[in-house]
Each structure stands twice: as C-alpha cells, then as structure tokens.
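Reading through the structure tokens given below for one structure.
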Amino acid sequence: MLISGRGSNLKALIDACTDGRIDGRIITVVSNRPGAPGLEHARAAGIEQTVVDHRRFPDRAAFDRELAATLESSAPDLVILAGFMRVLTPEFVARFAGRMVNIHPSLLPALRGLDTHARALAAGMSTHGASVHFVTSELDGGPVIMQAQVPVCPGDTGETLAARVQLAEHRLYPAAVALICSGRVQCAGGTVLYDGQPLERPLLLDDLPEAATQCIGSP
Ligand code: GRF
C-alpha cells in the first residue's frame with residue numbers, strides 16, 4: 001500500500017483483512033513522507049513499513065524507480081493507493097497496469113483532482129461521494145470499479161462533507177478490494193470486468209453507515 005498521510009483508509013483495509021472481509025494480506029506499507037501518521041497503523045498491525053522520501057530524489061522518475069523497486073521486492077498482487085499524494089510517472093503506472101487501484105473523494109468522472117469537497121459545495125451539488133478505480137496514466141481517469149454516494153447536507157462545510165465522505169470510503173475501499181482479491185473484479189484492456197463481464201457502470205455500494213447517508217444533526 002502507498003500512503004502519504006493520515007492513513008484512515010489503510011486502517012479500514014487492515015481491519016477488513018483481519019476480520020476476513022478481504023481474503024488477502026497487506027504485505028507492506030510505503031510512505032513518501034517520513035512522518036506520515038498512517039505508518040503508525042501499519043506498525044500497530046505488525047506490517048512492514050518503508051519510507052521512500054521523495055525529497056531525496058533529483059526528479060520524479062528517480063523517485064518512482066525506487067518506489068517500484070521497493071514494492072516489487074515484496075511481489076504484490078495488488079498495489080493500493082490510499083491518500084498517496086504524488087503524481088506517478090507513466091512508466092510506474094505501466095509497470096503496475098491493471099493491478100493498481102486508488103480511492104478518490106468524488107463521484108468520478110466528476111471532480112477529478114484536488115479540493116473535491118469545496119468544489120462540490122461551490123458547484124451546489126446535492127450528491128457527492130467517493131470512487132475506487134484502477135489507475136491509468138490519466139490522473140483520476142482510470143476505469144471506476146465501485147462508488148459510494150453521500151448527500152450534501154444543509155450547512156455543510158468542506159470539513160463536515162469530507163467527514164461524511166470518509167465514513168463512506170472506509171466501507172467502500174474494503175468492499176472494492178475484496179472483490180478484486182476474490183477474483184470477481186479484474187481489469188482487462190482498460191475495462192473493469194465483473195464476474196467476467198464488462199462493467200457498464202460502476203458498482204454502487206449500498207452498505208453504508210447511517211451517518212454517511214443521512215443529514216443527521218445538520219441545521
Ligand atoms: C481520502 O479521502 C482519499 O479519497 C484521498 O485521500 C484521502 C486519504 O485519507 N485520495 P486517509 O489518509 O486514508 O485518511
């Protein structure tokens with residue numbers, strides 16, 4: 001897994017592996033930031049952690065080569081990006097094509113890029129959410145596997161909306177990764193296959209906590 005920060009999605013995935021919702025094991029966690037709080041979740045779970053500090057490399061390509069070598073030393077079946085805040089080179093993406101996923105805090109293809117919660121509010125959207133997608137060299141543009149929707153509530157700020165999306169993400173990422181680990185979801189030629197059939201639209205997760213789907217406590 002690749003992280004840069006808080007690691008709450010990493011924690012959700014660790015828990016899902018521990019309680020059997022995901023038939024898989026997190027072999028290694030790599031952060032590009034030495035002080036990433038998320039590393040603590042890996043440490044507490046006894047998962048190997050490595051820091052590949054991007055500031056030690058002359059350019060993006062050199063950083064990505066070291067990152068790829070670090071990952072490949074543990075021969076992962078799947079590379080999971082969870083709040084990893086570096087844009088990856090096309091060479092890196094090609095190396096892990098079809099076996100690298102990301103979670104993005106919007107209902108893709110809406111709101112690619114940063115500051116999605118503020119942008120959802122500014123656009124007056126009534127529904128927001130998160131997407132899990134296979135990673136391609138197009139930023140936030142790879143084929144989407146599964147999404148979770150949350151309402152934008154009256155009085156929402158970027159923070160309250162982000163908190164609601166995060167609650168949904170903590171169900172969404174384990175659910176999507178479970179489908180990949182079970183072999184039901186695959187990526188072939190830039191298309192998501194679900195039980196061997198091309199997925200026409202992203203799967204929609206309906207198993208969400210009430211706090212993610214209701215405007216509880218909003219004015
Ligand atoms: C998540 O909201 C995810 O959608 C985005 O970065 C955030 C990471 O949060 N890509 P965390 O580090 O997993 O808590």
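Every number for a ligand or one of its atoms is a count from 1 in the order of the listing. Atoms considered below: every heavy atom in the structure, side chains included; atoms not considered: hydrogens, waters and symmetry mates.
Every residue was checked against the salt bridge (Lys or Arg N to Asp or Glu O under 4.0 Å) condition with R86, not counting sequence neighbours, and none meets it.
Ring geometry for F63 against H54 counts as perpendicular: the plane angle is over 60°, on a 0 to 90° scale with 30° as the lower cut.
The stretch residues 205-216 participates, sequence neighbours left out, in these side-chain hydrogen bond (donor to acceptor under 3.5 Å, both in side chains) pairs: R171-D207. Among pairs with a residue in residues 162-206, none fulfils ring-ring contact (aromatic ring centres under 6.0 Å, His included), at least two apart in sequence or across chains.
Residues with a heavy atom under 4.0 Å from ligand 1: R6, G7, S8, N9, G83, I103, H104, P105, Q166, E169.
Here the side chains of F92 and L71 are in contact, with some heavy-atom distance below 4.5 Å. P202 has its side chain out of reach of H133: every pair of non-hydrogen atoms, C-beta onward, lies at least 4.5 Å apart.
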